[in-house]
Each structure stands twice: as C-alpha cells, then as structure tokens.
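Accompanying notes for the structure given below.
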Amino acid sequence: MSIHMSSNKPLLSVRDLVVEFNTERGLVRAIDGISFDVMPGETMGLVGESGCGKSVTSLAILGLIPSPPGRITAGSIQLNGRELVGLPESEYRKIRGSEISMIFQEPMTALNPVFTIANQMTDVLSRHQKIRGRQAKTRAIEMLELVGIPSPDKRINEYPHQLSGGMRQRVMIAMALSCNPKLLLADEPTTALDVTIQAQVMEQIVNLQQELGTAVVLVTHDLGVVAESCQRALVMYAGRIVEQSPIIPLFQKPQHPYSAGLMASIPRIRADKVAELPTIPGTVPDLLHLPDGCRFADRCQYSDDRCHQEQPIIQMKDNREVACFHPCGEIS
C-alpha cells in the first residue's frame, strides 16, 4: 500500500523489497519488505537513524548492492513500469546516470582523485548523452555554472583535491543532473559540509529539481532539511517503513511513536528556559536477533503484550500510513 500524490502513474514503484547480507555472525535482513512510490517531480524524504536501511534502499534502487555479501532476495523495483530487479548489469549501466542519478554522502570518495572535473563530467556526458569533445565540455561548464561554482571555465580543469568540500558537492550535483535524469537519489548530501554551505547546497538541489522537473528521494537523518525540502516523508526503523505521510501532518501530529520521538528530539530555542533535549529510550534492536512483534516495542511507551507478539500491519487513512497498534491519536 502506498500514498499517491496525484492520479499520475508513479515514476518509481518499490514493492515488498527484501535485501539481505551474509555476515560472519549470520544472515542480516537489512531491508524487510518495504513498499513505496515516488511520483514524477516529487521530492520525498527517507528518514530514520543510522542503520535503519535508508542508504541500502538507495543502493538497491541503483542496483549497487555489493554482491557478495548482499543481494535482493524478494520484491520488485520498477522505474516507469520497467522491472529493475534482475536486470543485467550492462542494462543497468545505461540507466545509471541517464534515468537515475545519485549524489553520494562524501564527494571526496565519489570523485576520482586522479582525473580532472572535466574528465569525469565529460565521461558521463559522452556515455549517456553521446556528446563529446568541445560540446561535452561546454555542457559541463554550463552545469557547473548552474550549481553556483564561480569561474566554472577554470574550475573544470582542476582536480577534486583543489576544490573545497562545498564545491566538490556542487560538482557531484552538476554531474548527477547533467543528463537530466528522471530520478535523483541524494544520500545525506550535506552531512560533510558546514551549516552555511549545507543550506546553500540544499537550496541548489531544490531549485534545480523544480527547474528540471526531476523527482528526488532525499535520504537523511536531518528533519530540518526534510521539513524545508520535501512534500512527503517515509520514516524507517530497523529495516521497515513505520510511517508515510505528507510533511505538514507528519510534523504537526506524527502517528508512530518512533516518528513522535524523532520530532520531539529536534532542538528548540525557548526564551524562558533551556529545555532538556528529549531522547528515545533504549537502543535499536540487533538485526540478527529481531523481536517477534513490533521492532520498536521495547522502546515504546504505548506497547502492550500484543505489540511484543504480533507484527503491526500498515493502516491507511486520509493519505497517511502507519504501522502501529497504538498510533499517537487518531490518524488525521
């Protein structure tokens, strides 16, 4: 079951996706039966704490799950109705960069240190847009200018280490959008940057997304970024989606106790006193030894015997979804 923002067909449709990894300690199910849609031109946030499965979801969509030790063991990923699970690597290479692009968390590891920015950007353009030489370099310079890099005609001939962190991330954005992809996956795109640069980079992504009509899946733990940039969000916990909702209702009245805990943990400035920062008690369950019932039950103030014995199923009402036996009030 998934939320549809309009009557249009979804650009991306994920159904019952399961991703597992073989480890020295045993089999880990990092993604356990998640389903969601991304509509054309939509900006959707994928939120949750570290280890919940956000980045693995992005890598699965891109066909970049390292195998071994990982593999997709069940489910479907469709882009414009085309099934991606089981697609030959040669076919996936044609899709990456042209139809689906990704901005990685740390540009210094995503960019090749021994090639200039020009080499790397024109390679993408020649591979997917079939433009080469001077035409490709002109297009690359235009993209660098579009993402706000000063003197792009000079910067394009530099190596990654010669650029600041903010500029490297802008290069990644320019490279990701240079072939006008239908879907952009942004995995913690501002984590390695200072606060002022974070705001500039996010503003750049949103502006370009609106200009080019690209759908964006923003993977982050930063709820402030989600509130400012997204129309809708999925909240993940221990490999599962526990809540899906449009942004304003999610922040005003979260339904899942975990979502409510995340919202409560956002720092707030009060004139009268310094408020103690709320925390969610307990720890995330070990994926090798998951509880029988709800995975959040041991940390939840509303849990009862049923929560510890049964898995809650998704309930839907008024364009929102929550997997909880005791949602925080009526779904509205």
Side-chain angles (χ1 to χ4, degrees), residues 5-6 8-14 36-47 54-64 77-80 82 84 92-107 109-111 120-121 123-125 127-129 139-140 142-149 166-193 198-222 225-234 236 247:
M5 295 192 65
S6 71
N8 295 334
K9 292 182 180 179
L11 171 66
L12 178 74
S13 183
V14 176
F36 62 90
D37 290 338
V38 179
M39 307 306 291
E42 170 182 31
T43 303
M44 186 192 78
L46 190 56
V47 302
K54 306 186 301 296
S55 295
V56 174
T57 300
S58 296
L59 293 174
I61 294 169
L62 269 175
L64 292 177
I77 302 172
Q78 293 190 359
L79 182 71
N80 273 334
R82 182 186 186 185
L84 301 184
Y92 235 128
R93 283 199 201 101
K94 297 175 184 177
I95 293 172
R96 289 189 209 110
S98 60
E99 296 184 55
I100 307 176
S101 286
M102 187 162 183
I103 303 171
F104 290 93
Q105 189 171 146
E106 178 43 70
T109 57
L111 293 169
Q120 297 181 64
M121 291 193 69
D123 180 63
V124 172
L125 289 164
R127 184 182 299 271
H128 296 294
Q129 298 286 299
R139 167 68 174 163
E142 289 172 355
M143 288 304 301
L144 293 181
E145 187 174 13
L146 200 61
V147 298
I149 289 183
M167 281 194 184
R168 286 195 293 268
Q169 195 60 288
R170 288 171 192 267
V171 169
M172 286 294 300
I173 296 168
M175 196 179 300
L177 294 174
S178 61
C179 297
N180 297 322
K182 299 180 181 71
L183 177 65
L184 176 65
L185 305 174
D187 186 3
E188 303 277 10
T190 61
T191 296
L193 308 176
Q198 282 183 17
Q200 293 172 17
V201 168
M202 279 312 307
E203 183 180 8
Q204 203 74 59
I205 292 173
V206 172
N207 290 343
L208 289 170
Q209 182 262 342
Q210 293 172 349
E211 184 177 331
L212 301 173
T214 306
V216 177
V217 176
L218 179 62
V219 178
T220 184
H221 61 271
D222 190 330
V225 169
V226 170
E228 291 179 6
S229 310
C230 301
Q231 288 108 34
R232 184 166 60 96
L234 315 184
M236 289 191 71
I247 288 299

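- A side-chain donor-acceptor contact under 3.5 Å links Ser98 to the backbone of Ile95.
- Ser229 places none of its side-chain heavy atoms less than 4.5 Å from the side chain of Ile205.
- When every heavy atom of Ala140 is checked against every heavy atom of Leu125, the shortest pair comes out as N-CD1, 4.0 Å.
- Distance check: Lys54 NZ to Leu185 CG gives 14.0 Å after rounding to the nearest 0.5 Å.
- To the nearest 0.5 angstrom, Met202 atom CE is 8.0 Å from Thr220 atom OG1.
- One distance of note links SG of Cys230 with CD of Glu42; it measures 9.0 Å at 0.5 Å rounding.
- Remark: Asp187 pairs with Ser55 by the side-chain hydrogen bond (donor to acceptor under 3.5 Å, both in side chains) rule, at least two apart or across chains.
- Residues satisfying the side-chain hydrogen bond (donor to acceptor under 3.5 Å, both in side chains) criterion with Arg82, sequence neighbours excluded, are Glu91.
- Across all non-hydrogen atoms, the minimal contact from Gly97 to Cys179 is O-CB, 3.2 Å.
- Put simply, CZ on Arg139 and CG on Leu144 are 10.5 Å apart, with the number rounded to the nearest 0.5 Å.
- In terms of the side chain to side chain contact (heavy atoms under 4.5 Å, CB included) criterion, residue partners of Thr57 (sequence neighbours excluded) are, by chain and number, Ile31, Ile34, Phe36, Leu46, Ile61, Met236.
- Other residues, nucleotides and ligands place more than 12 heavy atoms under 6.0 Å from the CD atom of Gln129.
- The salt bridge (charged side-chain N to carboxylate O under 4.0 Å, His left out) test applied to Arg96 returns Glu89, not counting sequence neighbours.
- A pairwise comparison of heavy atoms in Val219 and Ser58 identifies CG2-OG, 3.2 Å as the closest pair.
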Quick one: side chains of residues 206-215, donor-acceptor pairs under 3.5 Å with protein atoms, not counting sequence neighbours, listed by atom name and distance.
from: Asn207; atom 1: ND2; to: Glu203; atom 2: O; distance (Å): 3.3
from: Gln209; atom 1: OE1; to: Thr43; atom 2: OG1; distance (Å): 3.3
from: Gln209; atom 1: NE2; to: Gly41; atom 2: O; distance (Å): 2.6
from: Gln209; atom 1: NE2; to: Thr43; atom 2: OG1; distance (Å): 3.3
from: Gln209; atom 1: NE2; to: Thr214; atom 2: O; distance (Å): 3.0
from: Thr214; atom 1: OG1; to: Pro181; atom 2: O; distance (Å): 3.2

May I have the list of side-chain donor-acceptor pairs in residues 167-177 shorter than 3.5 Å, sequence neighbours left out?
from: Arg168; atom 1: NH1; to: Pro160; atom 2: O; distance (Å): 3.3
from: Arg168; atom 1: NH1; to: Leu163; atom 2: O; distance (Å): 2.6
from: Gln169; atom 1: NE2; to: Pro189; atom 2: O; distance (Å): 2.5
from: Arg170; atom 1: NH1; to: Val147; atom 2: O; distance (Å): 2.8
from: Arg170; atom 1: NH1; to: Gln204; atom 2: OE1; distance (Å): 3.2
from: Arg170; atom 1: NH2; to: Gln200; atom 2: OE1; distance (Å): 2.9

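- Note: His128 NE2 to Lys94 NZ = 11.0 Å, rounded to the nearest 0.5 Å.
- One finds the OH atom of Tyr92 at 6.0 Å from the CD1 atom of Ile100 (value rounded to the nearest 0.5 Å).
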